[in-house]
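Below: the structure, in structure tokens.
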Protein chains: 2
Amino acid sequence: MTVIDTNSWQGVRAEVMRRIAEGEWRPGDLIPGEVELADEFGCARATVNRALQDLADSGLIERKRKAGTRVALNPVRKVTVEVPVIRQDVEARGSRYSFDLLGRREMTPSPAIAAQYGLRDDAALVGLWTLHRADRAPFALEERWVNLAVAPEIANVDLEAVSANEWLVRHMPLSRAEFSFSAGNASSSEARLLDCEPGAALFIVNRTTWAGDAPITAVRLAYAPGYVMETVV
Amino acid sequence: MTVIDTNSWQGVRAEVMRRIAEGEWRPGDLIPGEVELADEFGCARATVNRALQDLADSGLIERKRKAGTRVALNPVRKVTVEVPVIRQDVEARGSRYSFDLLGRREMTPSPAIAAQYGLRDDAALVGLWTLHRADRAPFALEERWVNLAVAPEIANVDLEAVSANEWLVRHMPLSRAEFSFSAGNASSSEARLLDCEPGAALFIVNRTTWAGDAPITAVRLAYAPGYVMETVV
DNA sequence: AAGTGGTCTAGACCACACC
DNA sequence: GTGTGGTCTAGACCACTTC
């Protein structure tokens, strides 16, 4: 039998979760204050605070000063998704990773891109197209541009040997990233590269990474049909 | 000017993030220990600990006892996504929410479902089909089954008045949920209901919710074309 | 064996939100 | 004003890992 000590914060969290799971405290209910719980559990208030704060982070409870702590009405709202580096994703599935650098082009931003990222329209960018493979089979298609003003050294990197992603991660500081997830129909060229039917539904991930105010790189990943991103709460 | 006090844990976190963002500490580097940082910042070790733990949670640094704290090599791995209740999602976009209950059927699980969730093949389920709308336009199509053994009362609920999701959230305890995100082509019936072309790429969310060992409900949501799930790290 | 992060405590004060 | 959560401190001990 597993004993849960309610004088550890994880024990307190487990006990609170149990009471919610078993309906002892129901959604919308006000639960006892920290001092009261600390007294009941025989631990310090800081320990209760740590536990409740963790539960609030995961969205199971809602806390407000003076108003107290309530069981959330919409318990499952925040989900933490692991967005793996493609190479690790492939290897975790037991396949061998490889990639083909399909193309590379120096370019200036289109008006839309320039506006979106606050770039001058004569900014120097590098466009890169890569096909990621799992056991030689197409896995995901990557379209990326890199801001040369921020990462000029990448112009001299042998991107056949090390992927642009890995080089950037290792050499660029980073402050902020935006992700979006969506679905799109495969274009004819995407279908050819990913070895699927034109129009097939593809899982799309867009990621933009910033260093301070300047965008470093923007990536669009189109996964081969059948890709599923999973998570547990 | 905004002053950051390094004797608050958020201030310490901001300062550490700055040093990483500006390349002072680079990916893979070992950073000073907690006592050293506490001394430098003029705060208690617990404050530094709180800040570094937060950064570790978000994946920016990696910590190991004895080995110390390092700047992560793959900084962006864990992403927290808000999975909103559809009604709130619609209302947050400034539209008016409504839904149509398309169908409802008592059923027993298919062999595949029974095996997946450990149900007897004569278990009683309710199947529900719902179309969610934003300003009357189709927004998402929901297919759901509810385990009557766990939630028998739902058989008597007027699901035209309150959505199954909201009823369940408010009346069922809950312990665990599994999410998956993928893309799929619209079937002809989905296309008709969502008012799009057959074969259009749809963003699909699957969610299964458990109370202890028993599954409560499984939902498949197919969003109308153009739906994007966004997040910032 | 020893060093580093992980956690707990007791007490204190602060900050916000409701009255 | 007053009550609740939010945070800080100083010190202590524990647990994991590497040596």
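Predicted, not measured: the structure shown is a model, and the values here were computed from it. Here is how names work: the chains are called A, B, and so on, in the same order as the sequence lines, proteins then strands, and each is numbered from 1. All values below were derived from every heavy atom in this structure, side-chain atoms included, with hydrogens, water molecules and symmetry-related copies excluded.
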Just how far, in rounded Å, is P of C:dG3 from CG of B:Leu30? 15 Å
Using a heavy-atom cut-off of under 4.0 Å over every strand shown, decide if B:Arg45 touches base, sugar-phosphate, or nothing. base
First and last nucleotide of DNA chain D, 5' to 3', lying under 4.0 Å from heavy atoms of chain A: D:dT2 to D:dT7
Inspect the surroundings of CZ in B:Arg26 and state if more than 12 heavy atoms from other residues, nucleotides or ligands are less than 6.0 Å away. no
Using the six-membered ring wherever Trp is involved, compare the ring planes of A:His132 and A:Phe99 and label them parallel, tilted or perpendicular (cut-offs 30° and 60°). tilted
Shortest non-hydrogen contact between A:Pro27 and A:Val71, atoms and distance: CA-CG1, 3.7 Å
When A:Ala44 and B:Gly33 are each assigned the nearest nucleotide of DNA chain C, the 5'-most assignment goes to B:Gly33
Measuring only between side-chain heavy atoms, which start at C-beta, is A:Trp129 closer than 4.5 Å to A:Glu143? yes
How do A:Lys64 and B:Lys64 order along DNA chain C: which one's closest nucleotide is nearer the 5' end? B:Lys64
Should we count CZ of B:Arg93 as having more than 12 external heavy atoms under 6.0 Å? yes
Would you kindly compare A:Lys66 and A:Arg63 by the position of their nearest DNA chain D nucleotide and give the one closer to the 5′ end? A:Lys66
May I ask you to check whether B:Tyr223 and B:Asp89 show a side-chain donor-acceptor distance below 3.5 Å? no
